[in-house]
Amino acid sequence: MTAREYCLTHDSVAYASMLGGVEIKGIEYGITDSIYCVCGAWCSEKSYHHVKINYTAHGIPFFIVHGQRVYIGECIRM
């Protein structure tokens with residue numbers, strides 16, 4: 001399943017007010033944790049991503065989309 005297919009078939013679980021609106025569609029836990037998200041959710045140009053969750057030296061989770069860090073703790077649950 002591609003990132004686009006996954007994002008179109010699942011509801012949003014959180015969002016962040018950056019990059020035209022980032023909506024998190026789902027989180028996969030496993031050996032490498034990852035996130036499915038939509039960037040530009042409130043704009044005409046949407047892009048669909050499946051990105052890895054990284055952690056800072058202090059253990060704060062984040063993911064990188066279009067070269068910008070999005071901290072999961074700053075996202076608002078829906």
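Being a predicted model, the structure only gives us computed values, none of them experimental.
- Remark: side-chain polar atoms of Glu5 are paired, donor with acceptor, to backbone N or O of Thr2 under 3.5 angstrom.
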Q. Given the rule in the side chain to side chain contact (heavy atoms under 4.5 Å, CB included) test, do Val13 and Arg77 qualify, once you have shown the distances and angles that lead to the verdict?
A. CA-CA 6 Å; Val13 294; Arg77 291 183 64 181; over 6 Å; no
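- Each of Val65 and Tyr15 belongs to its own hydrophobic cluster when Ile, Leu, Val, Met, Phe, Trp and Tyr are linked at side-chain heavy-atom distances under 4.5 angstrom.
- Using a 4.5 Å cut-off on side-chain heavy atoms (C-beta onward), Cys39 and Glu23 make no contact.
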Q.
Run Leu19 and Gln68 through side chain to side chain contact (heavy atoms under 4.5 Å, CB included) and show every step you take.
A. CA-CA 9 Å; Leu19 300 171; Gln68 185 170 353; 3.3 Å; yes
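- Between Ile24 and Ser12, every side-chain heavy-atom pair lies at or beyond the 4.5 Å cut-off.
- Nearest approach of Tyr55 to Pro61, heavy atoms of both residues: CE2-CB, 3.6 Å.
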Q: Run the numbers on Val38 and Lys25 for side chain to side chain contact (heavy atoms under 4.5 Å, CB included), then give the verdict.
A: CA-CA 7 Å; Val38 179; Lys25 296 292 186 172; 3.9 Å; yes
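- Separation of atoms CZ (Phe63) and OH (Tyr36) is listed at 14.0 Å; rounding is to 0.5 Å.
- Rounded to the nearest 0.5 angstrom, Ile35 CD1 and Cys75 SG are separated by 7.0 Å.
- Summarising the geometry of Tyr48 relative to Cys7, their closest heavy-atom pair is CD2-CB, 3.5 Å, with the distance given to 0.1 Å.
- By the rule that hydrophobic residues join a cluster once side-chain heavy atoms approach within less than 4.5 Å of another member, Ile27 and Tyr71 end up as members of separate clusters.
- The environment of OH in Tyr29 is sparse: at most 12 heavy-atom neighbours from other residues, nucleotides or ligands sit within 6.0 Å.
- Atom SG of Cys37 is separated from atom NE2 of His50 by 9.5 Å, given to the nearest 0.5 angstrom.
- In terms of heavy-atom proximity, Ala3 sits nearest to His49 at CB-C, 3.8 Å.
- Ile72 contributes atom CD1, which lies 9.5 Å from atom CG of Asn54 (distance to the nearest 0.5 angstrom).
- Remark: the Arg4 side chain and the Tyr6 side chain contain no N/O donor-acceptor pair separated by less than 3.5 Å.
- Summarising the geometry, atom CZ belonging to Phe62 is positioned 3.5 Å from atom CZ belonging to Arg69; distances are rounded to the nearest 0.5 Å.
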